[in-house]
Amino acid sequence: MKIELAHENLVEEEVLRFEEAIRTSKEQLSLLKTQLEEKVGREHAFILDVHLLMLEDRSLQAEIIDNIRKYRANAEWAVCQATDRILRAYESLEDEYFRERRSDIESAVDRILLNLSGGRGVAWRSVPGDLIIVSHRFDPSAFAAMDVLKLKGLALESGGRTSHMAIIARGMRLPAIMGIPDFLPYVASGDTLLLNGDDGQLIANPSPARIESLRERIDKFRAGAEPVATSIVSSPVTTDGTVICLQANTGFPYEVAAAKRSGAEGIGLFRSEFIFFGHPHGYPSMEEQFETYRNLIVEMRPHPVAIRTLDTGADKTATGGDDTVPPNDNMGLRGIRASLLEKGVFSAQIEAILRAGCAGKVEIVLPMVTTIQEIWEAKALIAQTREKILNSPGGGQSSFTVGAMIEVPAAVLSLETLAREVDFLCVGTNDLVQYLLAVDRGNPKVAHLFQPLHPAVLRCLTYITDVCGRTQKRVRLCGEISANPFYAILLLGMGFTNLSMNPLAIPIIRKVISDISLAEARLIAKKSLELVTAQEIADYLIEAVTPRISLDLTPFIKEIRDPNGHVSPHESFAFMPPA
Ligand code: PEP
Ligand code: MG
């Protein structure tokens with residue numbers, strides 16, 4: 001609302017009031033940034049830099065002060081005049097990523113307006129427990145001020161899969177749905193909400209019967225999210241004495257704590273793309289990456305950390321504000337293909353890994369390898385970068401190993417040749433199943449055809465362990481399947497002794513391994529290979545494994561019978577108002 005100022009001296013007071021609000025806003029944001037860094041890691045705290053930049057924009061401030069003086073208007077009106085114009089410009093942009101940055105500007109404007117009114121903001125500290133936040137939009141900076149453990153979910157009318165909130169929520173394992181149109185009038189404070197991030201459903205005041213029907217999933221989710229026992233020091237051993245190495249798949253710095261708690265013997269797969277996605281410039285600098293990788297390596301000492309170089313894809317869309325890391329599709333410019341075309345980005349990442357490697361044990365993993373030339377080219381770039389570091393002042397010498405992801409059928413069939421060029425292999429079954437069966441892992445329409453138990457997949461995996469056994473090549477399996485006890489036993493029986501998985505699954509798999517002998521697992525794998533459909537194999541596994549394991553395996557049965565757990569959260573949105 002415009003208020004006309006009666007006296008000239010009031011105009012200058014208004015300018016001072018505006019300048020004071022900017023100063024306070026900057027101080028608050030700097031403090032929030034430090035707090036957010038501690039909670040979700042440095043990469044995601046960069047989100048607040050966008051707000052800070054907005055507050056430091058001198059031409060914008062000049063325009064606002066000009067508005068106050070020219071129209072003898074109150075500061076609130078002058079702020080809205082200037083910023084509405086910018087917001088409208090963002091609205092008209094075609095690029096989804098930039099359109100969504102509109103909310104960053106709105107947050108910064110809200111903060112200025114709040115400070116102009118002397119407001120204190122929402123008292124996040126006093127929010128109740130078991131909270132699902134429903135809102136039109138939500139400012140990530142609020143995470144810094146609240147106890148995130150109280151938060152159980154997030155449902156927003158705005159945003160999409162590339163919005164910062166979606167990025168952060170995924171990393172926090174926080175059930176979240178973005179972009180549900182106009183649902184707020186149907187929800188009131190204190191309502192019970194059922195939020196299903198996997199299927200993109202939000203149900204207000206669900207009936208007891210509906211809650212009951214989803215009880216298994218809720219319990220499974222809760223069980224998976226529970227902290228596990230600490231200080232496990234020994235590797236799991238089968239009843240006949242085979243030692244198995246369990247490692248963790250991670251993508252966010254704070255997941256390292258879960259990996260350590262679970263007793264993971266290192267990070268078997270660090271999905272480095274996540275530190276790229278949250279970054280305001282689209283990709284972090286060498287120095288920023290160095291910091292992240294070094295912290296990771298130091299935290300996991302004496303165990304190794306396998307850093308996979310940037311692997312974007314259809315289900316992992318790069319959200320950067322720079323075209324150097326373009327969004328890709330599954331059959332397109334993914335993984336090593338993109339890195340070899342964007343050598344600047346690739347060599348910065350390699351330099352950061354090699355420099356950070358001086359702090360402990362590091363492995364470089366090349367994703368989506370299809371040809372031997374890709375390995376040659378990547379190794380040449382690694383060697384060049386190593387030279388550069390050695391010739392630079394204070395450049396230390398880290399020892400490192402190089403491995404290739406085996407996730408494309410061509411890589412399996414050329415395994416003997418590829419294996420000679422690398423120190424180890426990482427089998428990515430999420431992609432291998434997708435490419436072998438020609439089933440897009442993110443397409444719900446073909447989810448029923450995504451069958452890790454397809455006989456062709458089992459033959460492929462057995463062939464891989466045969467070749468690795470013959471050539472004495474170290475091999476690790478790091479697809480999602482290793483987190484399911486039925487698959488894990490099958491994999492052991494096929495000869496995999498190093499599995500990497502979501503850290504939350506490690507305690508269960510550890511227990512399963514200690515309940516079975518390698519001889520039994522081998523027999524189970526052999527019999528599975530004689531069967532001709534995924535369904536028969538699933539039925540056989542359930543029958544053969546369940547009586548041997550002293551854990552309730554019911555939650556895992558559904559997954560092997562109906563393995564369509566690849567529908568990404570935030571993909572489809574629906575809201576069911578109360579009946
Ligand atoms: C895989 O493909 O199995 C894998 C581990 O990598 P991602 O899921 O990140 O593609
Ligand atoms: Mg993969």
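Please read these numbers as outputs of a predicted model, since none were measured by experiment. All values below come from the heavy atoms of this structure, side chains included, with hydrogens, waters and symmetry mates left out. Ligands are counted one by one from 1 in listed order, and the atoms in each one are counted from 1 as well.
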Close approach, Arg476 and ligand 1, non-hydrogen under 4.0 angstrom: no
Report yes or no: do [X] and [Y] form a side-chain donor-acceptor pair below 3.5 Å?
X: Ser272; Y: Gln349; result: yes
X: Thr429; Y: Glu480; result: no
X: Asn430; Y: Glu407; result: no
X: Tyr540; Y: Gln535; result: no

Location of contacts on Asn430 toward ligand 1, heavy atoms closer than 4.0 Å: both
Leu269 and ligand 1 - part of the residue with a heavy-atom distance under 4.0 Å: side chain
Can you list the ligand 1 atoms lying under 4.0 Å from a non-hydrogen atom of [X]?
X: Cys478; result: 5 (C)
X: Gly479; result: 3 (O)
X: Arg334; result: 10 (O)
X: Gly428; result: 1 (C), 2 (O), 3 (O)
X: Arg271; result: 4 (C), 5 (C), 6 (O), 7 (P), 8 (O), 9 (O)
X: Asp431; result: 1 (C), 2 (O), 3 (O), 10 (O)

Side-chain donor/acceptor of Asp423 to backbone N/O of Thr401, under 3.5 Å: no
Side-chain donor/acceptor of Thr242 to backbone N/O of Thr238, under 3.5 Å: no
Name, closest N/O/S atom of Asp431 to the Mg ion (ligand 2): OD2
Of the N, O or S atoms in Glu407, the one nearest the Mg ion (ligand 2): OE1
From Glu407, Arg308, Met405 - option closest to atom 6 (O) of ligand 1 by heavy atom: Arg308
Within-cut-off N or O pair, Glu273 and ligand 1, under 3.5 Å: no
Cationic N near anionic O, under 4.0 Å, Glu416 to Lys473: no
Charged N-O contact under 4.0 Å between Arg470 and Asp466: no
Non-hydrogen side-chain atoms of Leu310 and Phe346 separated by less than 4.5 Å: no
